[in-house]
**Student:** 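Pasting a structure here, questions to come.
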Amino acid sequence: MLEKKYDPGSVEATWYAFWEEKGYFSPEFQAAGKAYAITIPPPNVTGELHMGHALQHAIHDAVVRWKRMQGYRTLCLPGTDHAGIATQMKVEQQLFAEEGKGRHDIGRETMLGRIVAWKQQYGGTILKQLREMGCSYDWDRERYTMDRSYARSVLSAFVRFHERGWVYRGRRMVNWCPSCGTVISDLEVEEREHEGHLWHIRYPGLEGGPDVVVATTRPETMLGDTGVAVHPEDRRWQRAIGKRVMLPIMDRPIPIVADRYADPEMGSGAVKVTPAHDPNDYDIGLRHGLPEIQVIGFNGEMTGEAGAYRGMDRFACRNAVIADLKELGLLERIEDYEHMVPHHDKCGTSIEPLPMDQWFLAMRSLADQALPALKKRKIKYVPDRFREYSVEWLENIQDWCISRQIWWGHRIPVWTCEGCGKMLVRVDAPDRCDACGSRDLAQDPDVLDTWFSSALWPFATLGWPDQAEDLKTFHPTDLMITGRDILYLWVARMIMTAVEFVDEIPFGTVLVHPTVQTRDGKRMSKSLGTGIDPRELIKRYGADATRLSLLYQCGSSQDVRFDADVVDNHLQDSPITESCRNFCNKIWNAARFVQMNLERDDVHSAATPQVDPFDTADRWILSQYNHTVCAVTGSLEAYRFDEASRTLYEFVWNAYCDWYLEIAKVRLNDVDPEPGTTARRVLVHVLEGALRLLHPMAPFVSEALWQQLPHSGEALIVAKWPEADRRRFDETAEREMALLRKVVGTIRNIRGTMRVPPGRRADVHLKVNSVEVANVLTRFEVYLGALARVADLRIGADIVRPPASASAVLKDVEIFVPLQGLIDLDLERKRLKKEIEKMEALLGGLDRKLSNTGFLNNAPAEVVTKEKGRHAQYRSALGRLNENLEAVTS
RNA sequence: GGGCGAUUAGCUCAGCUGGUUAGAGCGCUGGUUUCACAUACCAGAGGUCACUGGUUCGAGUCCAGUAUCGCCCACCA
């Protein structure tokens with residue numbers, strides 16, 4: 001016997017262990033099916049589950065479970081990313097906290113050992129959290145971007161790119177993070193708004209030339225200025241071009257050059273040029289042969305080139321330079337200035353653009369190879385607009401700086417012979433030089449950008465470069481589910497590498513899911529205190545409710561405003577998740593009811609049970625059920641999880657529980673056993689099907705209940721996905737039930753308004769306009785009795801309004817509830833007047849419509865006929881309402 | 001600066017290709033401890049569909065513009 005309440009905690013661990021033990025997560029379980037594969041976007045090994053992950057994996061697991069039930073040989077491959085910078089940072093922090101040491105104090109090898117140890121101890125907690133969510137992934141195939149075989153894939157890719165001639169060493173302006181001590185990619189740069197200043201500085205003219213006033217947001221960089229640029233057509237500066245000015249403080253004469261970069265509209269029209277510290281200035285420097293003077297070092301402190309400021313922190317230096325300029329009387333003006341400052345998204349340090357030698361990967365050919373797949377829609381994007389953006393991004397792609405000056409990662413497989421200088425590029429470390437035989441080989445100290453390894457994810461996890469069985473079976477994969485933020489950074493690169501290395505697009509569909517925001521549309525972030533830990537949701541409402549709530553809110557727009565109150569990163573409450581929990585409890589109790597009423601010989605049958613053809617309720621719920629099967633399947637096919645969950649919620653709660661189950665109670669209590677038997681079979685059949693539909697979205701409660709009901713097969717997780725039986729669509733039953741619901745609702749309304757005590761039965765007289773309606777209502781007599789608490793029911797065309805009765809007018813039925821002694825005439829008049837007003841408004845609208853010749857001439861005939869019919873109906877209803885009002889007025 | 005998305009009840013959101021009285025959940029009001037469920041049941045109140053124009057017989061739905069919020073991209077001192 002089921003408990004009175006659904007307790008997620010006691011169910012989740014048990015069934016998860018059961019599934020895993022039985023091996024249902026492995027595609028081998030369905031050896032016969034057609035393959036369906038997803039490789040999950042590997043979260044950082046340092047990561048912890050946040051709401052974005054929770055949504056992403058609610059989707060992943062819903063799709064995977066659904067496909068598994070459809071009989072596919074389903075693989076969802078999990079894993080983690082070694083996240084070079086993030087992981088190294090974490091271990092460095094730990095090292096510093098515990099021993100007060102930096103990584104250079106312990107050396108590269110020791111540091112790497114520490115990181116490996118750290119991963120073994122703490123890494124991958126996020127994968128455990130995915131299990132708590134119920135994710136049915138193939139843990140036997142779990143991969144890590146630093147495991148041995150994955151490393152082989154990564155190095156092989158590098159070597160092949162090198163053979164193609166696409167890997168090169170070049171000097172470029174790169175984004176340097178002084179805190180992490182490494183270059184980072186453009187895509188890891190986050191522009192943050194900064195309320196700073198614009199300092200206007202006077203550079204005194206030399207050789208009879210004019211003084212120049214330049215403006216800057218970074219005065220400390222002036223120490224490295226090697227020129228001033230003006231626009232070649234700027235008339236104010238014609239005579240100054242070619243002359244020099246004196247750079248203050250450094251007392252270095254620097255030239256005034258003509259360059260189109262200078263904007264005559266801005267300030268004085270002259271711009272200072274610091275080739276070593278600004279990407280634009282770097283280009284100007286190249287065009288005019290200006291020297292680079294690097295005054296800010298890689299550690300963020302001023303270099304020897306900064307003269308007296310040497311060793312000073314870059315921000316302290318800014319203040320010092322300003323003070324000194326002020327003293328020299330050369331600081332013309334200070335303006336408040338709001339602008340964007342680039343920061344490293346991982347550590348929050350403001351990045352320093354610096355020219356450096358780095359490894360690059362030429363992207364043009366890779367992009368060109370991949371573009372046709374996108375343009376010809378070989379990959380489906382959901383929503384499609386993201387395909388367009390990806391095309392645009394690939395068309396304007398820049399070469400990729402792939403080297404990083406950190407230790408944790410795939411070390412660049414390039415060795416230089418100390419003997420003859422030859423460069424060796426190998427997957428396996430060479431022990432001697434090909435050319436001169438020297439054993440004195442030095443490996444490049446840098447490691448590859450973490451995204452270089454994740455770019456290979458779909459096929460590297462399946463065994464590439466080997467001709468692995470999994471690669472043949474599961475590649476190309478079917479679906480890639482991702483957020484917008486890494487659409488280019490990651491997804492576009494996976495497409496390019498797959499086309500290059502396995503000559504296939506890596507996935508058939510890219511599903512771009514919404515971003516989870518706070519209720520008021522703000523970014524959900526721990527540092528803002530607006531983050532929710534999904535585990536708090538799970539703990540409070542259960543994993544199923546958490547998943548349902550995420551899916552229920554996952555519509556076609558680009559954001560999900562998660563309905564929850566959060567204070568200080570802690571969940572206060574989440575109304576929508578609570579609703580979902582209540583839904584789980586609802587279906588739990590529906591199952592409990594069915595279970596309580598089961599008899600020994602009730603077995604589950606996949607076939608639709610025989611129904612009494614005259615029983616509208618049976619036919620109706622089967623019709624509704626089969627429509628629900630269609631709708632839910634269709635919604636899942638369109639990845640509309642909000643629709644799928646809403647449809648199911650409404651079916652279970654508003655159709656099955658509110659109406660069918662209540663009607664079934666009447667039948668189960670019938671003295672004749674026959675109606676009860678049919679009702680039990682229908683109850684079981686429909687509930688069993690609803691549980692199957694629910695399983696992808698709420699796996700735990702559905703499995704737990706399914707196991708308690710008559711069923712065939714050993715587990716719901718591998719049960720067959722329902723197929724709609726269209727022969728059960730039944731318009732007549734739908735129409736008749738709609739009438740019953742309307743009549744019951746109206747009687748309840750009258751009872752409520754007239755404050756008829758709920759326990760008290762009341763007589764009801766129904767005046768009908770046709771024999772057909774009379775017959776339908778007569779068949780519903782017992783249901784009306786139970787659902788609307790009717791005592792004596794009279795039905796007929798010749799019903800006369802009983803005295804002292806409340807009344808209501810429906811399309812085919814006029815309802816009278818005699819209430820001698822109970823009726824409050826004022827209330828009844830008010831009720832009727834309200835109805836009359838409503839009806840008059842409707843009628844007014846229709847009058848206008850039907851007297852509009854434009855409408856009569858242009859609207860389709862069927863619409864006109866329909867509106868005329870409605871007009872007649874409303875007119876008659878209004879007449880009867882007025883009669884009834886008169887009857888209670890006299 | 002460019003692109004995209006959103007704007008419907010107090011809150012979170014549905015509303016497909018334009019055509020019955022714009023829906024749901026939560027919240028609110030009133031009633032019910034009725035033998036599945038008080039995490040429930042029954043009823044009720046609550047909306048000039050952001051604004052302004054346009055197309056149309058007819059617009060929440062299509063088009064244009066405006067406003068507000070948000071996201072992505074962009075080297076402007």
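Letters A, B, ... are given to chains in the order of the sequence lines, protein chains preceding strands, and every chain is numbered from 1.
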**Student:** Is it the case that the side chain of A:Ser574 and the backbone of A:Asp563 share a donor-acceptor pair, with hydrogens and angles ignored and the cut-off at 3.5 Å?
**Tutor:** yes
**Student:** Above 12 or not: heavy atoms from other molecules or residues under 6.0 Å from CD of A:Glu3?
**Tutor:** no
**Student:** Within this structure, what is the CG-to-C1' distance between A:Leu548 and B:U12, rounded to whole angstrom?
**Tutor:** 16 Å
**Student:** How far does CZ of A:Arg592 sit from CD of A:Gln595, to the nearest 0.5 angstrom?
**Tutor:** 8.5 Å
**Student:** Could you state the CZ-C1' distance from A:Arg561 to B:G70, rounded to the nearest angstrom?
**Tutor:** 7 Å
**Student:** Base, sugar-phosphate, or nothing for A:Leu661, non-hydrogen atoms under 4.0 angstrom?
**Tutor:** base
**Student:** Dot-bracket notation for RNA chain B is requested: 5' to 3', Watson-Crick or G-U wobble pairs only, both distances under 3.5 Å, with ( ), [ ], | and . as defined.
**Tutor:** (((((((..((((.....[...)))).(((((.......))))).....(((((..]....))))))))))))....
**Student:** Looking only at the side chain of A:Tyr261 (C-beta and beyond, no hydrogens), which of the listed nucleotides B:G5, B:U39, B:C76 gets closest?
**Tutor:** B:C76
**Student:** In terms of ring plane angle, is the pair A:Phe386 and A:Tyr389 parallel, tilted or perpendicular, where the classes change at 30° and 60°?
**Tutor:** perpendicular
**Student:** What nucleotide, of B:C37, B:G3, B:G5, holds the atom closest to the side chain of A:Asn589?
**Tutor:** B:C37
**Student:** Just wondering, do A:Val744 and A:Trp659 contact through their side chains at under 4.5 Å, heavy atoms?
**Tutor:** yes
**Student:** Check the pair A:Trp237, A:Ser268 against side-chain contact (heavy atoms from CB on, under 4.5 Å), reporting the backbone distance first and the verdict last.
**Tutor:** CA-CA 10 Å; A:Trp237 295 107; A:Ser268 67; 4.2 Å; yes
**Student:** Side chain of A:Arg875, backbone of A:Leu843: donor and acceptor closer than 3.5 Å?
**Tutor:** no
**Student:** Out of curiosity, A:Asp824 CG to A:Arg831 CZ, how far, rounded to the nearest 0.5 Å?
**Tutor:** 11.5 Å
**Student:** Using the P atom in both, what is the distance from B:U20 to B:G54, to the nearest Å?
**Tutor:** 24 Å
**Student:** For A:Ala262, answer base if it contacts any base atom (sugar-phosphate contacts may also be present), sugar-phosphate if it contacts only those atoms, and nothing otherwise; contact means non-hydrogen atoms under 4.0 Å.
**Tutor:** base
**Student:** Would a 4.5 Å heavy-atom cut-off, applied to side chains only, mark A:Thr530 and A:Arg523 as touching?
**Tutor:** no
**Student:** Determine the contact category for A:Gln517: base if any of its heavy atoms lies under 4.0 Å from a base atom, sugar-phosphate if only primed atoms, P, OP1 or OP2 are that close, otherwise nothing.
**Tutor:** sugar-phosphate
**Student:** Which residues within residues 631-639 of chain A lie with some heavy atom under 4.0 Å of an atom in RNA chain B?
**Tutor:** none
**Student:** Would you measure the distance from the C1' atom in B:G2 across to the matching atom in B:G18 and give it in whole Å?
**Tutor:** 33 Å
**Student:** Nearest of B:C4, B:U12, B:G15 to any side-chain atom of A:Arg519?
**Tutor:** B:U12
**Student:** Could you check whether A:Tyr337 gets within reach of a base, just the sugar-phosphate, or nothing at all, counting any heavy atom under 4.0 Å?
**Tutor:** sugar-phosphate
**Student:** Is it possible for you to check whether A:Lys665 lies under 6.0 Å from the centre of the six-membered ring of A:Phe593, through NZ or CZ, and within 45° of that ring's axis?
**Tutor:** yes
**Student:** Just how far is it from atom CD1 of A:Ile322 to atom CG of A:Leu331, taken to the nearest 0.5 Å?
**Tutor:** 7.0 Å
**Student:** Using nucleotides 24-34 of chain B, report all nitrogen or oxygen pairs with the protein that are shorter than 3.5 Å.
**Tutor:**
| unit_1 | atom_1 | unit_2 | atom_2 | d |
| --- | --- | --- | --- | --- |
| B:G25 | O2' | A:Ser579 | OG | 2.7 |

**Student:** Mind checking salt bridge (charged side-chain N to carboxylate O under 4.0 Å, His left out) for A:Asp384 and listing every partner two or more places apart, or none if nothing turns up?
**Tutor:** A:Arg377, A:Arg387
**Student:** If we take the P atom in both B:A74 and B:G3, what is their distance in whole Å?
**Tutor:** 15 Å
**Student:** From CG of A:Asp259 over to P of B:C76, roughly how many Å is that when rounded to an integer?
**Tutor:** 16 Å
**Student:** Measure the distance from CZ on A:Arg385 to C1' on B:C72 and round it to the nearest whole Å.
**Tutor:** 11 Å
**Student:** Tell me which of A:Tyr488 and A:Phe583 sits closer to the 5' end of RNA chain B, going by the nucleotide each one is nearest to.
**Tutor:** A:Phe583
**Student:** Evaluate the ring planes of A:Tyr552 and A:Tyr649, with Trp represented by its six-membered ring, and classify them as parallel (under 30°), tilted (30 to 60°) or perpendicular (over 60°).
**Tutor:** tilted
**Student:** Heavy atoms, side chains only, cut-off 4.5 Å: are A:Val512 and A:Pro383 in contact?
**Tutor:** yes
**Student:** On a whole-Å scale, what distance lies between the P atoms belonging to B:C63 and B:A6?
**Tutor:** 12 Å
**Student:** Distances under 3.5 Å only, N/O to N/O: pair up the protein atoms with those of nucleotides 42-45 of chain B.
**Tutor:**
| unit_1 | atom_1 | unit_2 | atom_2 | d |
| --- | --- | --- | --- | --- |
| B:G44 | OP1 | A:Asn749 | ND2 | 3.0 |
| B:A45 | OP1 | A:Lys834 | NZ | 2.5 |

**Student:** Is any side-chain N or O of A:Glu662 under 3.5 Å from a base N or O of B:A36, one able to act as donor and the other as acceptor?
**Tutor:** yes
**Student:** For the pair A:Asp234 (side chain) and A:Pro264 (backbone), establish whether a donor and an acceptor sit closer than 3.5 Å, ignoring hydrogens and angles.
**Tutor:** no
**Student:** Does a side chain donor of either A:Asn749 or A:Thr753 reach within less than 3.5 Å of an acceptor in the other side chain?
**Tutor:** yes
**Student:** So which nucleotide from B:A36, B:U20, B:G5 ends up closest to the side chain of A:Phe593?
**Tutor:** B:A36
**Student:** If you check every side-chain atom of A:Gln553, which of B:A36, B:U12, B:G70 has the closest atom?
**Tutor:** B:U12
**Student:** When you compare B:G10 with B:C51, how far apart are their P atoms, in angstrom units rounded to a whole number?
**Tutor:** 14 Å
**Student:** If you look at every strand shown and take non-hydrogen atoms under 4.0 Å, does A:Cys657 touch a base, only sugar-phosphate, or nothing?
**Tutor:** base
**Student:** So does A:Lys586 get a side-chain nitrogen or oxygen closer than 4.0 Å to the phosphate oxygens (OP1/OP2) of B:C37?
**Tutor:** no
**Student:** Which value, in whole Å, describes the distance between the P atoms of nucleotides B:C62 and B:C4?
**Tutor:** 16 Å
**Student:** In whole angstrom, give me the gap between the P atoms of B:C49 and B:U7.
**Tutor:** 14 Å
**Student:** Classify the nucleic acid contact of A:Arg540 as base, sugar-phosphate or nothing, counting any heavy atom under 4.0 Å across all strands shown.
**Tutor:** nothing
**Student:** Carefully, step by step, assess A:Asp259 and A:His231 under the rule side-chain hydrogen bond (donor to acceptor under 3.5 Å, both in side chains).
**Tutor:** CA-CA 5 Å; A:Asp259 194 285; A:His231 196 276; over 6 Å; no
**Student:** Do any side-chain nitrogens or oxygens of A:Arg581 fall under 4.0 Å of OP1 or OP2 in B:C37?
**Tutor:** no
**Student:** Considering only atom P, compute the distance from B:C73 to B:G65 and round it to an integer number of Å.
**Tutor:** 25 Å
**Student:** Mind checking whether A:Phe651 and A:Tyr656 have parallel, tilted or perpendicular rings, split at 30° and 60°?
**Tutor:** tilted
**Student:** Between protein and nucleotides 56-61 of chain B, what N or O pairs are separated by less than 3.5 Å?
**Tutor:**
| unit_1 | atom_1 | unit_2 | atom_2 | d |
| --- | --- | --- | --- | --- |
| B:C57 | OP1 | A:Asn858 | ND2 | 3.3 |
| B:C57 | O4' | A:Gly854 | O | 3.1 |
| B:C57 | O4' | A:Asn858 | ND2 | 3.4 |
| B:C57 | O2' | A:Asn852 | ND2 | 2.8 |

**Student:** Between B:C37, B:A14, B:G3, spot the one nearest the side chain of A:Lys4, thanks.
**Tutor:** B:C37
**Student:** Say you draw a straight line from CZ of A:Arg385 to CD of A:Gln558; how long is it, rounded to the nearest 0.5 Å?
**Tutor:** 6.0 Å
**Student:** Assuming nearest nucleotide by heavy-atom distance, tell me which of A:Met839 and A:Tyr6 is located more 5' along RNA chain B.
**Tutor:** A:Met839
**Student:** Determine the contact category for A:Arg523: base if any of its heavy atoms lies under 4.0 Å from a base atom, sugar-phosphate if only primed atoms, P, OP1 or OP2 are that close, otherwise nothing.
**Tutor:** sugar-phosphate
